[in-house]
Structures are given as C-alpha cells and as structure tokens.
Amino acid sequence: MKDNNLEKPKPIRKISNKKITPKPPKFNIMWLYGILIVALLVVPTIIGGSNGRTISFQRFESEMLSQRDVEKIVVYKNGELVVAEVYIKKNSLAKPQYKDVKTDQRSFTMNPSSGPQYNFTDATYESLKNSIANSEKNIPDSEKTPIVYEQHENWLTNSLFQFIIMGVLLVVVWLFIMRRMSGGSGGGPGGQIFNIGKSKATLFDKEAQVSVTFNDVAGLEEAKQEVMEIVDFLKNPKKYTNLGGKIPKGALLVGSPGTGKTLLAKAVAGEAQVPFFSLSGSDFVEMFVGVGASRVRDLFRQAKDKAPCIIFIDEIDAIGRARGKNNIVGGNDERENTLNQLLVEMDGFGTDSGIIILAATNRPDVLDSALLRPGRFDRQVSIDKPDLVGREQIFKVHLKPVKLAEGVDAKKLSAQTPGFAGAEIANVCNEAALIAARKNKEAVDMQDFQDAIDRVIGGLEKKNKIISPEEKRIVAYHEAGHAIAGWFLEHADPLVKVSIVPRGVAALGYAQYLPKEQFLYTTEQLLDGMSMTLGGRVAEDITFGKISTGAQNDLERITKLAYAMVTIYGMNDKVGNVSFNDTQGEYQFNKPYSEKTSELIDQEVRNQINTVYERTKQLLLDKRDGLEKLANKLLEKEILFQSDLEEILGKRPFDHRTTYDEFVNGATESNQDPVAQNLVHEGISDHSGTFNRNPEEKEANGTDTK
Ligand SMILES: Nc1ncnc2c1ncn2[C@@H]1O[C@H](COP(=O)(O)OP(=O)(O)OP(=O)(O)O)[C@@H](O)[C@H]1O
Ligand SMILES: [Zn+2]
C-alpha cells in the first residue's frame, strides 16, 4: 500500500531542434550471414571449379575407361592428394553418360580441349596405372590412353592462397560492420568508418536557428541571470578582461531530472546568437578504445574554428564520473581516457579563446572533483525543483496552448503539485488535455487537471481490479493507520486524502500528504514522519494480530531513512556526529569504519525503528476508536478527504496552516477558508511530495509490491 505514491514519470523531452541525421537502415545480422554463405559457396568453386566435375574412381573405370572414351589422364599431386583429371574424347561427349558435362559446363562442350571434364581423387597413382593396364591389355601401345604425370601445383588450391582469400573476406566483412555501426552517428550522412573518432556534436549557428528563448523557461530567475552573464562574457570579453578579470571557462547546470536544464541551455543557444555545439555525454562513449578521447579532441578543434561559441554537454556524468580509486572490479579505462582528454582540452584553451562550456547533470556528487575545480567548470548553477511561485509560472507557460474552461487557475494547480518538476508539470497539462478530449469536452476544466495530477502521481485508476473483501479490509485499516498517525503527530505532514481505489500497477491504496515547502528537517520531523510511515503496519498488527506484505514499501523507506539518520545526518547519540555519505560507491569494498561501528550502526538503526514502532503502537491503541471509524468509513466511501477526517477525528490538535492555504488564500484564517473547503467537497484535494525530500529518500518513492 503506497503512501503518497509519487511515481515520477520520465521527463518528457520536447526539445526537438536537434539536427536529425538521416539514419541508414539498421545493421542487420542477416547481412553477415548472407556474406558468409556467399563466401562459403564461392571460394570452393573458384578453387575447384576449373578442374571439372568430381566423380568416383569407380565411375571413371566403368563408364569412361571401359568405353574407351578417355582421351588422356593428367595426374598431379596436390598436397597429400593425388588428383587425376579426365579428358573425354570430343566425339564421345555426345553419349548420354556425359550429359552432366553438357549441362553443367557448356563451355567445355563447345570447346572440350579447354580443360578436363572430370576429376577424381580417390585412387592412388599405382591403382590407376594398374586399372588402365588391366583394361587395355589387348590394345596396341599406340592407342593406349596416355597418363601424363604433371609436377604442377594448382595455385588456386594452394593453402596459402586460401588463407589470403579468407583474410580478405574477413576484412571486407569487418569493414562492412564498422560502416554500419558508425552510420548515422553524425559526421555526414551514411556515416563512415573514418568518422568514428569525429565528434557527434550538433552545431546550431545562424542557419540552424533555435526557437527556444528565455521566455519559454519559466521561473529559474537566478539561473537565467547566471547564464545570461556567461553569454555576455562571450560577446563583450573586453569589458571584463580590462579590469583584470578572467572569463570563466565553463558552467555546470545542476538539478534534478526534468527541472529544465536542457531547456535552459537551448534557450542560451537561442539568445546568444553565437554558434552552439550540443551533445550528450554518452555521445563520446563507444566500445572502441580511444574513440572517446578522439571525439573530445575533434569537438574542441571544431569549436576553436567557430569561436566565440558555446559547447553544451548534456548528462555529463556519463563521462565525468570520478575516476576509480579502488578499482577492484576493474575500471572503465575508456571512459577515464575520455575524461582525461576533456580535462586536458579544458586546460588547453585560454580564457581568451572564446569558448565556454555548459554542462548539465543531475548527479553532481558523482562527478570527478578535477572537473569541478576552478579553471574548468568554475561555476555551478543550481536548478532546483520549482517552488510554489515557480510552479505557477511553469503552469502558465504550459497552459498557454491548452484550451481552458473557466476556473482553471495556475495558482491552485501549483499549490496542488508540490515536489513536481517542470517536466511533470508539462506532463500534467498534456494529460489533462487528453482526459478532456476523451470525454469530448469543449475545454479542459479543473476536474480534468485534478485527474491528471492523480494520474501522474498514482497511475491509472483500476476501479474493477478484483480484491477480496478481506484484502480490502486490510488495505482500509492500513491506510487508516497512516492517516491517524499523520493526524495526531505534531511534526508529521497532515494527511489530505486517503484512497483505497487501486491505482497503477502496484498500489492498492494510497495516502497523500501536504508537506511544507522546506529544505531542512529536524529530528522530530523525521521521527514523526517515520511513525506515520509505520502507521500502516501497526494498524494491521493491532487490528488483526497479524501482518501482511503490504507494508514492504513503507518498511523500505523507513529503513533507508533510519540508516540515513544514523550514518549521514549524525542524528544518533551513540554513533555520534559522523557522516559516511557514500555517493561514489567507494565503501562497497572497504568501509571507512570498523566492524564494531558497523555493528553499532545496525544495532542503533534497529533500536530506532523499534522505538518508533512502539510509540506508534501506543498512539494507535489510544486512538483505536478513531481507527475503527476511519477504516469503516473508508470501506464505505473508498476515498476520504481532509474534511471527512475532521468529521471523524475532530479538528487536528495543532495549528496546521498549510503552504496551500498561505499561497492561495493569503493571510486569511487558514483551513476554514471557503475556497479550500469547496475544493475538498468537489473531490479536489491537495497533492504533496513525500514527507522527506532529502536526496537519499527521493528514490524511495514509487516502489510498492502490494
Ligand atoms: N522552468 C521550466 N519552464 C518551462 N518548462 C519547463 C521548465 N522546466 C522543465 N520544463 C519542461 O520539462 C521538459 C523537460 O525539461 P528538460 O529536458 O530541460 O529537463 P532536464 O533538467 O534537462 O532533465 P534531465 O536531467 O532529465 O535531462 C521541457 O521540455 C519543458 O517542457
Ligand atoms: Zn503503507
């Protein structure tokens, strides 16, 4: 059962002004087979072809020799093999037994002396001689079939020659594959093997205009200003260098996925009016050693030709990951070479060369520190997930093309989508339009947006998924447990909506919280959050006396959180103020602490979780009445909103002015506000991010097995 089931959709990418190089047909393995088969057929024919048809010695004796049709026999040695070539008399060729010669080797029929018609290899020289002598006992010497013993070696059957042919064929096949593989990789249509070391950057200059401008990027004011300044460096370098300043060589755009890093870079391209090279970190990577480095060199060579210009490397972590320190599993040498080359190139150009590198990443923590030091990416522009105002502005951008019904308000939408990144907001707007279209509406109204938000969070509704009544009861008590804990814990985020309508692939039910927009969490907040997450399992425990697998996702999250509290945030007395944040995966083989500390950590994590469990159990036992009522109501209505909770449980004993209230309703009395109440009654509720938006926890959302 999922709480706040934030299944992040993959950010949709709308930027389509990448140059599209015509893709050649995909390399097909059938081609390779074809070539090999042809080779196998052709080579033996070349080698054995001109020696006539191979027959058995027996057929030679019975059909040819005994009929006195043989003009001569040429015998030679080919390696260990004795080859006897049979020349048939011209006028005998008409006989029926030589039909195969006529059909197969017409040229021989027309000009029989051009070569032997048959050959055989299954006789020794001796047996051949004896056989001929035997059958020609009574024939005068002058008419006997001559045997010519030749020393000659058939050069076509020479094994060295065969070897060379096979070699040449192999090279041809290899070239063919390489050509196919590097095909479409830029550097000219069709792609050639010789282009494999060329950079795959797409160049935007005066001819290839980028249509994205800063107006398309909503919010991100500080980031925009930073990159604007960089553009200005390129345009008026004198202004800065006159005063003795050095122009930065690069800036790194850092932020979560879908926050608009790529979009911002495109906007820079649109605004700067200087050539703009765009490529992705993975474009450097190829399976061949040295290719990445050579692509880096080529990129900078091209850039120098076009200076002043901007190079944009998206997803730079593909090559910029920290070079291995304790590479037990074997490092990726090719990637390291590529990174080294990039570092060298960045050192190589002076500040007056007029090249500025922008790069984007959502994992700045894994980047090699050499990349981040001043003199390379001097500046880091952080692009955060948008706040309320930012989301409102992004909504406004993406609502523009949508046909809206009355009452659709970017402000309200923004308040209902905490934790959403730009890409998700774009997705919501698109989904809303699709939902409205499915219902044949004239315009998209607020309810469509509400459905779209639910869908982006929880996946498709599955009203008729068959769940047994017992299961449904368990789900109801589980979710009610979360709700009660959230309601009565001061530092937990108030729960706004509980649903036991199955949604998406995994979740049988979910609960939405409304978190504050905040960036620091106190121990109390984390513990209350943990308690709320455990509420589901505790409710199952005290109601049914047994537990189910439905809490797997909850447990996963609190385990992660508890470990983070002890080993990263220094929130445990016994372990103390230490932090072992293993972002680079270095501790996999040698941990920076002793076995003893390791044991202590495990012990403390367990203690922590047990304490919270007991506390939650006590709370739920105290509020058992409320739990029963809430679960029953949930079974009856399937979806409960904040107002229902208030009705059953009474007003929340804490002041919980939410971000939503503050934003939408200004400074008025908070949750009794008519607009908010109205929303709730219409079935519109607030959605939230997770109770914990720390980097470690982000990935914990969105997996559930029940
Ligand atoms: N600030 C914003 N204003 C308007 N639209 C935005 C904004 N941020 C994101 N979007 C929308 O989200 C889409 C995806 O954004 P973008 O590709 O720039 O994200 P990103 O940060 O580069 O993500 P990733 O790290 O996954 O590459 C954009 O095409 C745009 O439609
Ligand atoms: Zn749960």
Side-chain angles (χ1 to χ4, degrees), residues 1-5 8-18 212-221 223-224 253-268 278 280-282 312-318 358-364 381-387 389-401 420-430 474-483 485-486 495 498-500 506-511 513 532-540 547-558 704-706:
M1 281 156 263
K2 180 162 290 187
D3 314 300
N4 193 354
N5 173 359
K8 293 277 149 71
K10 281 229 158 185
I12 39 167
R13 299 185 158 268
K14 280 197 181 155
I15 299 161
S16 56
N17 31 23
K18 276 210 169 167
V212 183
T213 67
F214 279 140
N215 282 338
D216 299 311
V217 187
L220 307 181
E221 290 308 327
K224 269 194 245 179
L253 308 178
V254 175
S256 330
T259 43
K261 299 182 290 294
T262 315
L263 190 69
L264 187 64
K266 294 282 169 193
V268 172
S278 169
S280 157
S282 56
F312 173 58
I313 306 176
D314 207 350
E315 325 280 349
I316 195 171
D317 34 314
L358 291 180
T361 180
N362 42 45
R363 296 293 312 275
V381 182
S382 90
I383 300 191
D384 296 319
K385 283 204 174 172
D387 58 3
V389 183
R391 287 198 301 274
E392 184 192 350
Q393 287 166 346
I394 299 175
F395 262 113
K396 280 187 179 150
V397 168
H398 290 282
L399 287 179
K400 244 181 245 158
F420 274 40
E424 284 155 311
I425 293 178
N427 194 11
V428 165
C429 294
N430 193 46
I474 295 177
V475 176
Y477 274 91
H478 180 105
E479 298 303 340
H482 286 308
L495 197 137
V498 205
S499 154
I500 54 168
L508 287 176
Y510 70 101
Y513 313 105
M532 184 169 66
T533 312
L534 267 176
R537 164 148 287 197
V538 172
E540 289 180 47
I547 50 177
S548 75
T549 51
Q552 184 259 344
N553 179 248
D554 299 336
L555 297 183
E556 212 175 290
R557 282 164 52 183
I558 58 156
D704 195 357
T705 49
K706 187 153 183 185

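We count ligands from 1, going down the list as the structure has it; atoms in each ligand are counted the same way.
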Given 3.5 Å as the limit, does a donor-acceptor pair link the side chain of [X] with the main chain of [Y], or not?
X: Glu540; Y: Ser548; answer: yes
X: Gln393; Y: Ala218; answer: no
X: Thr213; Y: Asn215; answer: yes
X: Arg391; Y: Gly422; answer: no
X: Lys261; Y: Gly255; answer: yes

Check whether any heavy atom of [X] sits under 4.0 Å from an atom of ligand 1.
X: His398; result: yes
X: Leu253; result: no
X: Glu315; result: yes

Problem - Option whose closest heavy atom lies nearest to atom 2 (C) of ligand 1, chosen from Gly390, Gly260, Ala218, Gly219 - result: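 Among Gly390, Gly260, Ala218, Gly219, the closest heavy atom to atom 2 (C) of ligand 1 comes from Ala218.
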Problem - Those residues that, when tested against Phe312, pass ring-ring contact (aromatic ring centres under 6.0 Å, His included) (two or more places apart) - result: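 Checked Phe312 against ring-ring contact (aromatic ring centres under 6.0 Å, His included); zero matches.
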Problem - Shortest non-hydrogen contact between Asn362 and Glu315, atoms and distance - result: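 Scanning both residues completely, I find the closest heavy atoms to be ND2-OE1, 4.3 Å.
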At less than 4.0 angstrom from any non-hydrogen atom of [X], what atoms of ligand 1 do you find?
X: Asn362; answer: 25 (O)
X: Gly422; answer: 8 (N), 9 (C), 10 (N), 11 (C), 12 (O)
X: Asp216; answer: 3 (N), 4 (C)

N/O of [X] under 3.5 Å from N/O of ligand 1, yes or no?
X: Gly255; value: no
X: Leu220; value: no
X: Thr259; value: yes

Exercise for the section: Using side chain to side chain contact (heavy atoms under 4.5 Å, CB included) as the criterion, list what pairs up with Val254, not counting sequence neighbours. Expected result: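 Once residues adjacent in sequence are excluded, the partners of Val254 under the side chain to side chain contact (heavy atoms under 4.5 Å, CB included) criterion are Leu252, Thr361, Pro364, Gln380.
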Practice task
May I ask you to identify, for Leu263, whether its side chain, its backbone, both or neither come under 4.0 Å of ligand 1 on a heavy-atom basis?
Solution key: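 Both backbone and side chain.
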Handout entry: Region of Ile425 engaging ligand 1 - heavy atom pairs below 4.0 Å
Key =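 No part of Ile425 comes within reach of ligand 1.
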Problem - Contact check: Asp554 to the Zn ion (ligand 2), N/O/S below 2.8 Å - result: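 Yes, Asp554 qualifies, because one of its backbone or side-chain N, O or S atoms lies under 2.8 Å.
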Practice task
Would you mind reporting whether His482 and Val498 have side-chain heavy atoms less than 4.5 Å apart?
Solution key: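 Not touching, per the 4.5 Å side-chain cut-off.
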Exercise for the section: Specify which N/O/S atom of His478 comes nearest to the Zn ion (ligand 2), by atom name. Expected result: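 Within His478, restricted to N, O or S, the Zn ion (ligand 2) is closest to atom NE2.
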Exercise for the section: Just give me the atom name: the N, O or S atom of His482 closest to the Zn ion (ligand 2). Expected result: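 Atom name returned: NE2.
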Exercise for the section: Would you give the length of the straight line joining atom CG of Asn427 to atom NE2 of His398, rounded to the nearest 0.5 angstrom? Expected result: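 Between atom CG of Asn427 and atom NE2 of His398 there are 10.5 Å.
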